[in-house]
Amino acid sequence: MDVLTCRGLRKEFGDHVVLDGLDLTVGEHQVVALIGASGSGKSTLLRCVNLLEDLDDGVIELDGEDISDPRVDPDRVRRRIGMVFQSYNLFPHLSVLENITLAPIRVHRRPRAEAEAQARELLDRMGLGEKAHAYPDRLSGGQQQRVAMARALANSPRLMLLDEVTSALDPELVGEVLSMIRDLKADGMTMVLATHEMGFAREVADQVCFLDGGRVVEAGPPEQVLGDPTHPRTRQFLKRIIEAGRL
Amino acid sequence: MNVLHHIPSTAQQRRTAYRRRQTVRSVLVAATSTAALGTLLVLAVTGAPGWDRVRESFLDPAIARDALPAVLSGLWLNVRLLVCCAAGALLLGLVIALLRTLRGPVFFPVRALAAGYTYTFRGLPLIIVLYVLTLGVPGLRLQGMPPVLVLGGLALVLTYGGYLAEVFRAGIESIHPSQLAAARSLGLTYRQTMRHVVLPQAVRRVAPPLLNDVVALQKDVGLVSLAGPIDAVRAAQIATAETFNYTPYILAGVLFVLLAIPLIAVTDWVTLRSARRRSGG
C-alpha cells in the first residue's frame with residue numbers, strides 16, 4: 001500500500017497559486033526527490049503534507065487515511081511524519097539531548113530514561129555522541145542539521161519530509177548530511193525530499209518529480225527525468241542547472 | 001602548543017606597548033576630569049548664598065536619626081507590598097498575554113476581554129485605580145471585605161499587570177514562526193509548544209524590560225499610603241510635619257535608592273548576559 005497519496009492539491013497565497021492540481025504518490029520504502037526552480041511549490045507541498053498549511057483543494061492520504069479532513073486531529077497526524085527544515089529550526093534554549101527527547105517525552109509520554117537512551121543511540125550513530133549536552137549555537141551547520149534529523153527520527157516516523165536540508169550548509173558540510181540520508185534509505189525509511197542537489201537526487205531517489213507551475217510536470221526514475229527528460233520545461237530547467245555547474 | 005611558545009614580533013610588541021600607554025593615559029584623563037567636575041559641583045552647592053539654611057532644613061543628622069525607626073518600619077511595608085505585588089503582577093501579566101495569543105472563534109470573548117483589560121489599565125492613572133479600589137469598593141459594604149492594604153495591592157497588581165502583559169506579549173511574538181513550525185511538526189500541541197518552546201525563549205528575551213517594570217513598581221507601591229497605610233514616604237511626611245524639617249524625606253529617598261540598587265544590578269546583569277548570549281560569545 002502507498003504511504004502517501006496526494007490528489008489534486010491546490011494552495012493559494014492571495015492571488016498567487018502555488019500548487020495547482022498536484023498529484024503525487026509515494027510507496028513504502030520509496031525515496032521521492034522533488035526538483036524544480038525556487039517558487040515551484042516544493043516547500044509548500046511538504047508543509048501541506050505536514051498540515052502546517054491549510055489546503056485550498058485536493059486530498060492527502062497517509063496510509064490510506066484522509067488527513068486533509070478537517071475532523072482529523074493534526075497533532076496525531078504529525079506524530080507519524082518527521083520533518084526537517086532548511087534552516088534546522090533547533091530549539092536554541094534546549095541542549096542537543098533535550099531537543100531530541102522533547103517530543104518522545106511530551107508527545108509519546110515515554111519515560112525520560114528510555115527517551116534519553118534512544119536519543120544517545122541516535123547521536124552515537126551519527127557520530128555526535130559527545131555533543132549531547134551542547135547547545136545548538138555551539139554546533140556547525142552540518143551538525144545542527146544532523147541533530148534536527150535525529151530529532152525527527154526520535155518519533156519513529158512513518159514518513160520523513162526533508163525540505164532542502166543542505167541548502168543552508170557550506171559545501172564541505174553537505175556530505176555529512178547526505179550520507180545520513182543514504183543511511184536512512186538503507187534502513188528502508190520512506191522519504192520525500194525537496195532538493196537542489198541533482199547528483200544526490202540521481203543517486204538516492206527511486207523517483208524524481210519535476211515541479212513547475214504548481215504541478216508535477218514530469219516524474220519517473222532519476223536516469224530518465226535527469227538524463228533524458230521528455231518535457232520541454234524539464235529540459236530547460238536542467239540546462240540551466242548544468243550551466244550553473246550543479247549536475 | 002603554538003600558543004605557549006609564540007614569541008610576539010617586534011611589530012606586535014610595539015602595538016602592545018602603545019596600547020598600554022594609551023590605557024594609562026585614559027585612566028589619568030578620566031580621574032582628572034572627574035575630580036575637576038566634583039570639586040566644581042561641591043563648590044557651587046556649598047558656596048551658594050542659601051547653603052547654610054538648606055543644610056539645616058534638609059541634612060540635619062539629629063533629625064535623620066530620630067526619624068529613622070518610623071521611616072524604616074514604613075519601608076518594611078514597601079518591601080512586603082513589592083514582593084507580593086510583583087509576583088501577582090507578573091503572574092497576571094503572563095496569563096493575560098497568553099490569553100491574547102489564543103486562536104480560534106471560541107476564544108474571541110476571552111481575547112477581547114484580555115485586550116480590553118490591557119487598554120484600560122495601561123491608560124488609567126494608578127492613583128485613580130487606587131482611589132476606586134480602596135475608597136469606592138469598601139463603600140459597597142459587602143461581607144468579608146479585605147483590608148485596605150490588600151485592596152491597594154490589588155490596584156497595583158491590576159495596573160502593573162497591564163504593562164507586564166504587553167511586555168510578555170512582545171516576547172511571545174518575537175519568537176520566529178519557524179520555531180512553532182518545528183515544534184508542531186514534532187506533534188506537540190499548541191499548549192505544549194507554548195509551554196516548552198515559545199515561553200522559555202520569550203521570557204528570557206524580555207527579562208530586562210520585565211525587571212525594569214518591577215523597579216518602577218518598587219517606587220509606586222508607596223502610593224497605597226493615599227488610602228491610609230503608612231509607607232516610608234508617608235512616615236517621612238509625618239516626621240517632617242512634626243519637626244518642620246525636610247531631612248526625613250532625604251532619608252527616605254536615600255533608603256529607596258539603596259533598596260533599588262540590588263534590583264537594578266540584577267537587571268543590568270540579566271541584560272548583559274542575554275546580550276552576550278545573542279552575540280554568541
Side-chain angles (χ1 to χ4, degrees), chain A residues 43 46-53 73-95 98-110 135-139 144-145 147-163 168, chain B residues 90 94 97-98 101-108 167-211 269-281:
Chain A
S43 292
L46 295 183
R47 290 177 67 88
C48 284
V49 170
N50 207 10
L51 307 183
L52 289 172
E53 303 283 355
D73 175 9
D75 296 321
R76 212 174 45 76
V77 172
R78 293 191 191 113
R79 285 173 209 177
R80 291 186 280 158
I81 301 176
M83 177 129 182
V84 185
F85 301 85
Q86 179 175 348
S87 48
Y88 336 129
N89 299 6
L90 292 177
F91 306 130
H93 62 299
L94 299 178
S95 71
E98 289 163 339
N99 261 282
I100 300 175
T101 56
L102 181 65
I105 292 173
R106 302 294 167 187
V107 177
H108 298 275
R109 304 269 164 219
R110 291 175 48 194
Y135 281 84
D137 61 355
R138 299 284 172 188
L139 304 181
Q144 287 193 50
Q145 194 58 293
V147 172
M149 292 187 73
R151 181 174 71 175
L153 289 172
N155 270 349
S156 314
R158 186 81 181 96
L159 170 70
M160 283 283 274
L161 306 174
L162 309 179
D163 188 6
Chain B
L90 283 168
L94 182 59
L98 284 174
T101 65
L102 290 177
R103 296 281 163 263
V106 190
F107 297 114
F108 175 77
V167 176
F168 276 120
R169 193 166 70 106
I172 289 169
E173 283 177 359
S174 76
I175 302 303
H176 198 268
S178 66
Q179 287 285 307
L180 275 102
R184 298 308 296 275
S185 76
L186 287 169
L188 269 73
T189 62
Y190 179 79
R191 194 183 298 188
Q192 287 172 326
T193 303
M194 271 289 158
R195 162 83 183 74
H196 298 290
V197 175
V198 176
L199 274 183
Q201 297 184 59
V203 170
R204 257 168 249 206
R205 214 171 270 187
V206 297
L210 283 178
L211 283 167
W269 177 72
V270 169
T271 314
L272 197 70
R273 204 183 54 154
S274 73
R276 269 213 202 109
R277 182 169 298 177
R278 247 195 301 284
S279 70

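Heavy atoms only: backbone and side chains are in, while hydrogens, waters and symmetry mates are out. Chain letters run A, B, ... following the sequence lines, proteins first and then strands; every chain starts at 1.
- With a 4.5 Å cut-off on side-chain heavy atoms, A/Met83 and B/Leu186 do not count as touching.
- Residue contact with chain B, scored on non-hydrogen atoms closer than 4.5 Å, involves the backbone of A/Leu90 exclusively.
- Nearest heavy atoms, B/Ala182 versus A/Phe91: CB-CE2, 4.0 Å.
- Residue with the most contacts toward chain B among A/Leu102, A/Leu161, A/Leu51, A/Ile81: A/Leu102 (heavy-atom pairs, distance under 4.5 Å).
- In this structure, the portion of B/Gln192 lying under 4.5 Å from any heavy atom of chain A is its side chain and not its backbone.
- By the 4.5 Å heavy-atom criterion applied to side chains, A/Phe85 and B/Ser185 are counted as neighbours.
- Residue with the most contacts toward chain A among B/Arg195, B/His176, B/Gln201: B/Gln201 (heavy-atom pairs, distance under 4.5 Å).
- Scanning both residues, A/Asp75 and B/Arg184, for their nearest heavy atoms gives OD1-NH2, 3.1 Å.
- When heavy atoms are compared at a cutoff of 4.5 Å, A/Arg80 does not approach chain B at all.
- Here the closest heavy-atom approach between residue B/Gln179 and residue A/Pro92 is recorded as OE1-CD, 3.5 Å.
- At distances below 3.5 Å, at least one donor-acceptor pair connects side-chain atoms of A/His93 with backbone N or O atoms of B/His196.
- Here the OG1 atom belonging to B/Thr189 is positioned 11.0 Å from the CZ atom belonging to A/Arg106, to the nearest 0.5 angstrom.
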